[in-house]
Peer 1: 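So that we are looking at the same thing, I have put the structure below in structure tokens.
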Amino acid sequence: MSTIPNFIEIPVNPEIAQKEFEVYSKPSTLTDKPFHYCPGCGHSTVHKLLMEVVEEMGIQGDIVGVAPVGCSVFAYDYLDIDMQQAAHGRALAVATGIRRMLPDKLVFTYQGDGDLAAIGTAETLHAANRGENILTIFINNAVYGMTSGQMAPTTLEKMVTTTSPFGRDVSTQGYPLKISELLAMLPGVTYVTRQSVHTTANVRKTKKALRKAIELQQEGKGFCLVEVVSNCPSNWKMTPLQSQQFIQEKMIPFYPLGDIKTPEGK
Amino acid sequence: MAKSLGDVIIDIEKCKGCELCIDSCPQETLALAPRINQKGYHYAVKVQDNCTGCLNCALVCPEAIISVYRKIVK
Ligand SMILES: Cc1ncc(C[n+]2csc(CCOP(=O)(O)OP(=O)(O)O)c2C)c(N)n1
Ligand code: SF4
Ligand code: SF4
Ligand code: SF4
């Protein structure tokens, strides 16, 4: 821990810390409630980025979200927009209903890998295949976070989890699932990208990807998927900084970052 | 030459001591306090008066509790 021995706290400089010089503050589209997520969890960072985009685009009243089951089950407590919570894996089915009843609204789901790629695979695949005009934000932290770190479809080969204590053995437990690449093959799917939030540069790119996806939603271009390779420091049994390193060294080589499908034709 | 003077205000009661801001700061402006907040976390504070307002800490802070200020002086 980087506490320093000769600790001197520098007070705020009133000459600089004035509203006119402010270059960043928490988006007004987040509620005041502190996130319940563990220290350093990527869920918080993605909530923040999404709400920055919603604020900048001025769409707070036009966007409706669907929260999943998983650690982000209480997303509606933080995102100051209309939200609905769905049963485990069913976010895209609920979102489809919302989208069809309220065709003027922008609709997104926010889902973990267990929710989207295990129990909810059927809903995910068919909503994408129908080309529903919905944005799915997919947090891939390679485990079931909420239920204390069981193996997920996205768990890396040899990765130790509570249900793969000797490491994921692909001969009996299957291969880690690249669901974004799978979904990108479907004609109804417009934009698929994989990003991360483990460095400042990646945070900026994820925000851009979210903005692009919402703009495509405004244009009615069909299903969009923004995967974020994220962390679960608590269940990975790492400090937040170690988890960032694990993303860089282990997750990204298997889940490469960048656009997988774009409307411009990648 | 124009100089960028920065400052940060951290909502320490909402800080979880994750250290991501500290690691991201190119100026080593931030460190964890030896004290803890009401939630029991060591919180991030400014320990050097050399912030440039580069935004890095605010970008990576998961809790969105860092406000950044930047004043350009000629
Ligand atoms: C129908 C049903 N089955 C199982 C569960 C238990 N359960 C709650 S969260 C979860 C997994 C969540 O993992 P993930 O979607 O990866 O999200 P994370 O918590 O990692 O963000 C499971 C299996 C449940 N709530 N409902
Ligand atoms: S258990 Fe994992 S995914 Fe859930 S809040 Fe904690 S770190 Fe985040
Ligand atoms: S704005 Fe930049 S220089 Fe200032 S504390 Fe944050 S990371 Fe460091
Ligand atoms: S990144 Fe945010 S929550 Fe983490 S130590 Fe810094 S101020 Fe605290």
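Computed from a predicted structure; not experimentally measured.
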Peer 1: For Cys21(B), is it the side chain, the backbone, both, or neither that has a heavy atom closer than 4.5 Å to a heavy atom of chain A?
Peer 2: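 Neither the backbone nor the side chain of Cys21(B) comes within 4.5 Å of chain A.
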Peer 1: How close do Pro62(B) and Ser44(A) get, heavy atom to heavy atom, and via which atoms?
Peer 2: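 Nearest pair, atom of Pro62(B) first, then Ser44(A): O-CB, 3.1 Å.
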Peer 1: Has Phe254(A) got more than 12 heavy atoms of other residues, nucleotides or ligands less than 6.0 Å from its CZ?
Peer 2: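 Atom CZ in Phe254(A) is packed in, count exceeds 12.
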Peer 1: For the pair Lys48(A) (side chain) and Leu59(B) (backbone), establish whether a donor and an acceptor sit closer than 3.5 Å, ignoring hydrogens and angles.
Peer 2: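 Yes: the side chain of Lys48(A) pairs with the backbone of Leu59(B).
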Peer 1: At a heavy-atom separation under 4.5 Å, does Val60(B) approach chain A through its side chain, its backbone, both, or neither?
Peer 2: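 Contact with chain A is through both the backbone and side chain of Val60(B).
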Peer 1: How many angstroms lie between atom OG of Ser67(B) and atom NZ of Lys26(A), to the nearest 0.5 angstrom?
Peer 2: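 If we round to the nearest 0.5 Å, Ser67(B):OG and Lys26(A):NZ are 10.0 Å apart.
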Peer 1: Report the distance from atom CD1 of Ile65(B) to atom CZ of Phe35(A), rounding to the nearest 0.5 Å.
Peer 2: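 That separation rounds to 10.5 Å.
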Peer 1: Quick check for you: to the nearest 0.5 Å, what is the distance between Asn13(A) atom CG and Ile9(B) atom CD1?
Peer 2: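 Output value for this atom pair is 10.0 Å.
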Peer 1: Which atoms of Ile66(B) come close to chain A, meaning under 4.5 Å heavy atom to heavy atom: side chain ones, backbone ones, both, or neither?
Peer 2: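 Interface part for Ile66(B): backbone (N, CA, C, O).
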Peer 1: Can you confirm whether Phe21(A) sits close enough to Lys71(B) that some side-chain heavy atom of one is under 4.5 Å from a side-chain heavy atom of the other?
Peer 2: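 Counting from C-beta outward, Phe21(A) and Lys71(B) do come under 4.5 Å.
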Peer 1: Would you confirm whether Lys16(B), through its side chain, and Tyr37(A), through its main-chain N or O, come within 3.5 Å as a donor-acceptor pair?
Peer 2: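 Looks like yes, one N/O pair under 3.5 Å.
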Peer 1: Side chain, backbone, both or neither: which part of Thr239(A) has an atom under 4.5 Å from a heavy atom of chain B?
Peer 2: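 Answer is neither: Thr239(A) stays 4.5 Å or more from chain B.
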Peer 1: Is chain B contacted by the side chain of Val197(A), its backbone, both, or neither, given a heavy-atom distance below 4.5 Å?
Peer 2: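 It is neither, since no heavy atom gets under 4.5 Å.
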Peer 1: Is the shortest distance from a Lys or Arg side-chain nitrogen in Arg35(B) or Glu9(A) to a carboxylate oxygen in the other one below 4.0 Å?
Peer 2: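 Counted as a salt bridge, because a side-chain N and a carboxylate O are separated by less than 4.0 Å.
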Peer 1: Enumerate by number any residue of residues 51-62 of chain A whose heavy atoms lie under 4.5 Å from heavy atoms of chain B; in the absence of such residues, state 'none'.
Peer 2: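 Expected list: none.
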Peer 1: Can you say whether Gln48(B) sits under 4.5 Å from chain A via the side chain, the backbone, both, or neither, judging by heavy atoms?
Peer 2: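 Just the backbone, heavy atoms under 4.5 Å.
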Peer 1: List the atom of Gly40(A), the atom of Leu20(B), and the distance in Å for their closest heavy-atom pair.
Peer 2: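 Taking Gly40(A) first and Leu20(B) second, the nearest heavy atoms are CA-CD1, 4.1 Å.
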Peer 1: Go through the atoms of Gln244(A) and report whether side chain, backbone, both or neither lie under 4.5 Å from a heavy atom of chain B.
Peer 2: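 Contact with chain B: side chain only.
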Peer 1: Going by heavy atoms in the side chains, are Gln18(A) and Tyr69(B) under 4.5 Å from each other?
Peer 2: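 No, side chains not in contact.
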Peer 1: When rounded to the nearest 0.5 angstrom, what distance separates CG in Asn56(B) from OG1 in Thr200(A)?
Peer 2: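 Here the interatomic distance stands at 4.0 Å.
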Peer 1: Sub-3.5 Å donor-acceptor pair from the side chain of Lys14(B) to the main-chain atoms of Asp32(A), do we have one?
Peer 2: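 Flag set: sc Lys14(B) to bb Asp32(A) pair under 3.5 Å.
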Peer 1: Side chain, backbone, both or neither: which part of Leu5(B) has an atom under 4.5 Å from a heavy atom of chain A?
Peer 2: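 Leu5(B) touches chain A through backbone and side-chain heavy atoms alike.
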Peer 1: Is there a side-chain contact between Val23(A) and Leu55(B) in this structure, where contact means two heavy atoms from C-beta onward sitting under 4.5 Å apart?
Peer 2: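 SC-SC contact between Val23(A) and Leu55(B) confirmed.
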Peer 1: Assess whether atom NZ of Lys205(A) is packed by more than 12 heavy atoms of other residues, nucleotides or ligands within 6.0 Å.
Peer 2: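 No, not enclosed.
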Peer 1: Which atoms of Pro233(A) come close to chain B, meaning under 4.5 Å heavy atom to heavy atom: side chain ones, backbone ones, both, or neither?
Peer 2: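 Neither part; nothing is under 4.5 Å.
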Peer 1: Side chain, backbone, both or neither: which part of Leu49(A) has a heavy atom under 4.5 Å from chain B?
Peer 2: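 Neither part, no heavy atoms under 4.5 Å.
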Peer 1: Tell me whether Asp7(B) contacts the main-chain N or O of Ile16(A) through its side chain, where contact means a donor paired with an acceptor under 3.5 Å.
Peer 2: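 Looks like no, no N/O pair under 3.5 Å.
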Peer 1: Search all heavy atoms of Cys18(B) against all heavy atoms of Pro39(A) and return the closest pair with its distance.
Peer 2: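 Distance-wise, the nearest heavy atoms are CB-C, 4.0 Å.
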